[in-house]
Amino acid sequence: MGMYERHQQQPPPPQQPVVGMWSTDPFKVDSSGQATSGSTIMEEDTKFDHPGSLDKVPHMDELEEAGDDDQDESKPRDKAYIQQLETSRIKLAQLEQELQRARQQGVYGGPNPGSLHGDPSLGGFAGAPMDPGVAAFELQYGHWVDEQERHTTELRGALQAQATSELELRMLVETGLANYDHLFRIKSAAACADVFCVMSGLWRSPAERFFLWIGGFRPSEVLNILSPQLEPLSDTQVMAVYSLRQSSAQAEDALSQGMEKLQQTLSESLLATADPFAVPDAYNMGTSSAVVKLKGLVGFVQQADHLRQEKLQNMHKILTTRQAARGLLALGDYFQRLRALSSLWAARPRESAIS
């Protein structure tokens with residue numbers, strides 16, 4: 001009390017507002033992502049009307065005790081926050097380990113989840129560093145699959161709606177064709193980075209790989225799948241589709257024969273220096289020659305994709321806008337079913353090897 005008495009004997013200070021204490025409400029996050037206090041406005045305390053108002057000012061000991069109480073209350077919150085961070089770190093590490101195991105299973109022919117579009121060890125031995133171009137393609141293809149599924153859903157809704165205009169359908173058809181054009185572009189870049197990655201098809205689901213032809217779908221088979229979904233066709237359209245199917249089959253045969261010729265040439269290059277007692281220089285020379293010939297694989301992948309792109313564009317010219325929309329819907333739904341089949345196959349019950 002002696003402290004307060006000395007205050008009362010002194011002349012009263014000038015009257016001025018005293019800024020109140022911050023609220024003890026916990027911090028919150030606003031819509032902009034910044035942390036703010038639960039009370040962002042400091043309210044003004046009542047002005048001093050007389051010297052006795054100083055009795056309302058808390059003592060320093062009281063302030064220190066209040067600060068100690070706040071610290072005691074914040075300790076459990078800090079401990080819970082640190083524990084939450086540690087739990088999140090452990091979960092992230094577990095997810096990374098599971099992803100790595102799944103990718104390694106893909107290298108050795110194990111089940112490949114439908115959501116896993118690629119493998120970091122493609123194009124080399126297990127554990128080999130992944131080419132940056134292959135890594136970029138893996139991410140881009142994953143985004144492309146998501147975009148195609150979204151576009152397929154939009155096509156289905158537009159065809160089911162009676163009020164969809166011809167212009168809206170045409171825009172959806174052009175968007176679908178542009179999506180496939182984008183796929184062929186990123187595949188071409190990936191083939192230049194690592195052609196074996198594209199040829200192997202490990203960036204696709206297992207069911208899609210079962211129908212793989214030079215890194216993609218076989219155009220003539222796709223035309224066979226789409227034709228029943230496009231009926232009724234006029235006589236002119238039937239003849240045009242038949243001619244397109246025949247020319248596609250001929251081009252596919254020519255590319256397949258070229259691939260077989262390349263395989264034969266590579267085998268001959270390797271066998272020409274297959275003497276196990278030959279000097280290392282001769283062995284390296286024959287292997288280097290085979291590597292040069294392997295660059296021809298990039299051309300085959302690009303020609304095959306050009307054939308796919310060409311047939312899609314020709315079908316667009318033959319069909320009406322609504323028929324083209326139905327064709328793209330059928331094609332997108334077909335690939336979705338293959339990916340769903342892969343997921344079901346990967347999740348099937350495993351029979352025990354022990355009888």
Side-chain angles (χ1 to χ4, degrees), residues 107 117-125 128-142 144-145 148 177-205 208-223 243-273 284-317 331 335:
V107 175
H117 302 299
D119 189 286
S121 301
L122 294 176
F125 297 101
M130 179 171 52
D131 188 281
V134 175
F137 173 67
E138 180 181 350
L139 294 175
Q140 291 172 339
Y141 180 72
W144 183 87
V145 170
Q148 189 205 36
L177 293 174
N179 288 342
Y180 282 101
D181 291 343
H182 176 63
L183 174 61
F184 299 141
R185 284 195 299 271
I186 63 177
K187 279 181 61 181
S188 177
C192 293
D194 188 347
V195 67
F196 285 113
C197 166
V198 179
M199 290 289 296
S200 64
L202 285 178
W203 42 278
R204 288 181 176 269
S205 63
E208 290 177 296
R209 292 202 301 269
F210 181 70
F211 297 96
L212 201 66
W213 176 76
I214 313 183
F217 60 85
R218 189 181 289 269
S220 59
E221 292 182 358
V222 169
L223 292 176
S243 176
L244 190 63
R245 189 184 297 118
Q246 293 297 110
S247 62
S248 179
Q250 293 175 359
E252 292 167 14
D253 290 341
L255 285 175
S256 297
Q257 292 175 7
M259 286 285 295
E260 293 176 359
K261 181 64 176 178
L262 177 60
Q263 291 175 350
Q264 181 180 357
T265 304
L266 286 173
S267 298
E268 293 175 352
S269 298
L270 294 175
L271 292 174
T273 56
N284 293 334
M285 185 179 301
T287 305
S288 301
S289 175
V291 169
V292 173
K293 291 181 174 62
L294 275 177
K295 294 180 180 179
L297 278 176
V298 178
F300 280 102
V301 172
Q302 293 174 344
Q303 290 180 51
D305 276 346
H306 177 72
L307 180 62
R308 299 179 184 103
Q309 184 180 28
E310 183 183 44
K311 299 312 174 185
L312 287 175
Q313 293 174 350
N314 289 340
M315 284 292 291
H316 179 216
K317 296 177 183 178
L331 186 60
F335 290 132

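Small disclaimer: the values here were computed from a predicted structure and weren't measured.
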Close side-chain approach of Gln309 and Leu177, heavy atoms under 4.5 Å = no
inquiry  = Any side-chain to backbone donor/acceptor pair from Trp144 onto His182? Under 3.5 Å, distance only.
reply    = no
ask   = Rounded to the nearest 0.5 Å, how far apart are NZ of Lys261 and CD of Gln257?
value = 11.5 Å
request  = With rounding to the nearest 0.5 Å, note down the distance linking CG in Leu307 to CG in Leu255.
outcome  = 6.5 Å
key: Non-hydrogen side-chain atoms of Leu202 and Arg209 separated by less than 4.5 Å   = yes
request  = Taking the side chain as every heavy atom from C-beta outward, state whether Val195 and Phe300 have any pair of such atoms under 4.5 Å apart.
outcome  = no
request  = Evaluate the ring planes of Phe335 and Tyr180, with Trp represented by its six-membered ring, and classify them as parallel (under 30°), tilted (30 to 60°) or perpendicular (over 60°).
outcome  = tilted
query = Less than 4.5 Å apart, any side-chain heavy atom of Trp203 and any of Gln140?
reply = no
inquiry  = Would you say Ser247 and Lys311 are linked by a side-chain donor-acceptor pair, where the criterion is simply a distance under 3.5 Å?
reply    = yes
message = Between Ser248 and Glu252, is there a side-chain donor-acceptor contact under 3.5 Å, judged purely by atom types and distance?
response = yes
ask   = What distance do Met259 atom CE and Leu297 atom CG have between them, rounded to the nearest 0.5 Å?
value = 5.5 Å
task = Could you pull out the closest heavy-atom pair between Gly296 and Leu262, with the gap in Å?
result = C-CD2, 4.3 Å
ask   = Under 4.5 Å between any side-chain heavy atoms of Gln313 and Asp181, yes or no?
value = yes
ask   = Under a 4.5 Å cut-off applied to non-hydrogen side-chain atoms, are Cys192 and Gln302 in contact?
value = yes
request  = May I ask you to test the Gln148-Asn179 pair for a side-chain heavy-atom distance under 4.5 Å?
outcome  = no
Atom of Cys197, atom of Val134 and distance for their closest heavy-atom approach = SG-CG1, 3.7 Å
task = Taking all non-hydrogen atoms of both residues into account, name the closest pair between Leu331 and Leu312 and its distance.
result = CD2-CD2, 4.1 Å
request  = Compare every heavy atom of Gly215 with every heavy atom of Arg204, then report the nearest pair and how far apart it is.
outcome  = NE-O, 4.4 Å
request  = Can you see which heavy atom on Leu212 is nearest to which on Gly201, and at what distance?
outcome  = CD2-CA, 3.7 Å
